[in-house]
2 protein chains.
Amino acid sequence: MMKVLIVEDDIDLAKTVAEYLELEGISCDYASNGLAGLNLAKGNYFDVILLDINLPGLDGLSICQQLREEGNDTPILMMTALDQLDDKIEGFQMGTDDYLVKPFELKELTARIKALARRRSGQAQLLRYNDLEMDLNARNVTRGGQALKLSPTVWRVLETLLRHAPNAVSKDALEQAVWGDELPGSNSLKVHIFNLRKAVDAPYSIALLQTIPGHGFALRSEHEN
Amino acid sequence: MMKVLIVEDDIDLAKTVAEYLELEGISCDYASNGLAGLNLAKGNYFDVILLDINLPGLDGLSICQQLREEGNDTPILMMTALDQLDDKIEGFQMGTDDYLVKPFELKELTARIKALARRRSGQAQLLRYNDLEMDLNARNVTRGGQALKLSPTVWRVLETLLRHAPNAVSKDALEQAVWGDELPGSNSLKVHIFNLRKAVDAPYSIALLQTIPGHGFALRSEHEN
DNA sequence: GTGGGTGGTTAAGAGTCGGTTAAGGTAGTG
DNA sequence: CACTACCTTAACCGACTCTTAACCACCCAC
């Protein structure tokens, strides 16, 4: 699922945006001031960061600058009121990827968010754990350099596990991530896990896909932790 | 249910906030001075702590600092009057997660509390007492660095004990926390406590799981308290 | 001493969970 | 239409887990 960070001091606006994005299947995190936003952006992965220019404490441009200096390449979409547009527009060269003038259409916002996320994934999107690599762009998975063949659903299972590795993912969360709201009945997940094991672990000596009894699964090499 | 600790010397304000939060289904605990607040925060589990900066006895920033030094990672929301705004920046270096300038809207407060609680649940979470560590994300428990194997129910028992350590938890509260409303008959809890002891204490010289006769159990090293 | 309450220990049956396999159905493709 | 790939479902088995009941040990009041 796509994850977006909203840094905005107008809580009503933030809430509206967040609710709309959630409807589109985009998960949102929220900070009401610059420092909190910066810390969140540093500490977590986001597909896109939504940044208000005018913020209490630490303004959007400074946040942007600081993130870029650290090598953080998360796409940033600036939001600005019309009357602040003039003097700030040159500052957009600071590493901002796009901007939007308030008030804006939510539909337009989502379109740009998705475009930004897509653009980034066109650059380099690689999930990795141990000798297991998933290239979301090229859409292939390798273990130890050797390509693996995965069906679409199994792919999604592995992707969510990789995004959390080496943490555990509960069965509920896994089903939610793979199927969304319309879950399959029965034991579909069990079968896909089985197939995933067959593809990822069976040909190799060390197993990466661990079962956490009574809870879920984790991608983790046996003797770690 | 979500639990929030309010540390605030203005009783009227605290009361107003507490009543509003209760309406939203958030359970509140309350301290009117810094020391009481610090002790409550140390001894109990909270989803979020609401901290006034200006407090008699022990100010909010010091409380925040002390909690962080102990490894307590409960999200902290600072409340500050407008004329103390400068302190805010300082607060963020102490480990504050968000702040709010008085007077504030109750609606905004609840929104931020919920955001903080949601965020925490998505990131690293470690429960610790003595040499016992429970990583809720990786979903493993270690004592003295050595991994322990726990069944799901025993896990839940240990988790609630850890959240309250080193305070005692009554048998009723423990059953409530583990089974919710549908309690098992008979002496199921006794058996799980026994199994928990076998896993956590048996291989080690000092016992952590203490029985409080006539009341319940506590996680606490023998000679403490 | 006796009896009842409390807590610790053990074992057994019922039930659940995870792994595995196979069958049926659907969609896409040539 | 035939073929393939894939997903869901059902069924089965072994392992594990939970509950339950029974027994034991202890403390305390009577």
Side-chain angles (χ1 to χ4, degrees), chain A residues 139-141 147-161 168-204 207-220 222, chain B residues 139-141 147-161 168-204 207-220 222:
Chain A
R139 194 146 187 102
N140 60 8
V141 187
L148 306 179
K149 184 180 178 313
L150 302 181
S151 76
T153 309
V154 171
W155 176 287
R156 254 172 292 151
V157 172
L158 179 58
E159 182 179 337
T160 52
L161 287 174
V169 184
S170 76
K171 280 181 296 184
D172 286 345
L174 205 46
E175 289 180 335
Q176 167 68 32
V178 172
W179 285 279
D181 295 324
E182 203 63 42
L183 304 181
S186 188
N187 55 356
S188 211
L189 180 60
K190 284 202 296 188
V191 177
H192 289 296
I193 288 284
F194 175 68
N195 289 326
L196 178 55
R197 276 213 175 89
K198 208 160 49 179
V200 160
D201 277 342
Y204 302 86
L208 290 181
L209 178 45
Q210 308 284 336
T211 303
I212 315 294
H215 183 253
F217 302 90
L219 228 42
R220 168 187 314 169
E222 235 162 317
Chain B
R139 200 136 234 273
N140 57 12
V141 187
L148 306 179
K149 185 180 177 312
L150 302 181
S151 76
T153 309
V154 171
W155 175 288
R156 255 171 290 150
V157 172
L158 178 57
E159 181 179 339
T160 54
L161 286 174
V169 184
S170 76
K171 280 181 295 184
D172 287 346
L174 204 46
E175 289 180 334
Q176 166 69 30
V178 172
W179 285 279
D181 296 324
E182 202 65 41
L183 304 181
S186 187
N187 55 357
S188 213
L189 180 60
K190 282 203 298 188
V191 177
H192 287 295
I193 288 284
F194 175 67
N195 289 325
L196 178 55
R197 277 213 174 90
K198 208 159 51 178
V200 159
D201 278 342
Y204 302 85
L208 290 181
L209 178 45
Q210 308 285 335
T211 305
I212 315 296
H215 180 253
F217 301 90
L219 227 43
R220 162 185 317 166
E222 238 162 314

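Note that these values count all heavy atoms, side chains included, but never hydrogens, waters or copies made by symmetry. To find a chain, count down the sequence lines: A is the first, B the second, and so on, and within it residues start at 1.
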Using only atom types and a distance under 3.5 Å, with no angle test, would you say the side chain of D201(B) pairs donor to acceptor with the backbone of L209(B)?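 The answer is yes, because a donor-acceptor pair under 3.5 Å joins these two groups.
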Compare side-chain N and O positions of [X] against OP1 and OP2 of [N] and report whether any pair is under 4.0 Å apart.
X	N	result
T153(A)	dC7(D)	yes
K149(A)	dC6(D)	yes
W179(A)	dC7(D)	no
K171(A)	dG18(C)	yes

Using a 4.0 Å heavy-atom cut-off across all strands, classify V191(A) as base, sugar-phosphate, or nothing.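 The residue V191(A) makes base contact.
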Scan S151(A) against the nucleic acid and name what it touches under 4.0 Å (heavy atoms): base, sugar-phosphate only, or nothing.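 Sugar-phosphate contact only - S151(A) comes under 4.0 Å of backbone atoms but never of a base.
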Output the rounded distance in Å from [atom1] ([X]) to [atom2] ([N]).
X	N	atom1	atom2	answer
W155(A)	dA5(D)	CH2	P	18 Å
F194(A)	dC12(D)	CZ	P	18 Å
I193(B)	dT19(D)	CD1	P	13 Å
H215(A)	dC16(D)	NE2	C1'	18 Å
N195(B)	dG7(C)	CG	P	18 Å
H192(B)	dT10(C)	NE2	C1'	15 Å
K190(B)	dT20(D)	NZ	P	13 Å
N187(A)	dA11(D)	CG	P	11 Å

Nearest-nucleotide pick for P152(B), side chain only, options being dC6(D), dT20(D), dT17(D):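 Out of dC6(D), dT20(D), dT17(D), the nucleotide with an atom closest to P152(B)'s side chain is dT17(D).
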Of the candidate nucleotides dA11(D), dG8(C), dT19(D), which contains the atom at the shortest distance from the side chain of R197(B)?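 Nearest nucleotide to the side chain: dG8(C).
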Looking at side-chain heavy atoms only, is the closest gap between V154(B) and K198(B) below 4.5 Å?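 No - every pair of side-chain heavy atoms lies 4.5 Å or more apart.
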Full working for side chain to side chain contact (heavy atoms under 4.5 Å, CB included) between L174(A) and L161(A): CA-CA 8 Å; L174(A) 205 46; L161(A) 287 174; 4.3 Å; yes
Would you name the heavy atoms of R156(B) and V178(B) that are closest together and state the gap between them?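 Heavy atoms of R156(B) and V178(B) come nearest at NH1-O, 2.9 Å.
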List the atom of A168(B), the atom of R220(B), and the distance in Å for their closest heavy-atom pair.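 Scanning both residues completely, I find the closest heavy atoms to be N-NH2, 3.9 Å.
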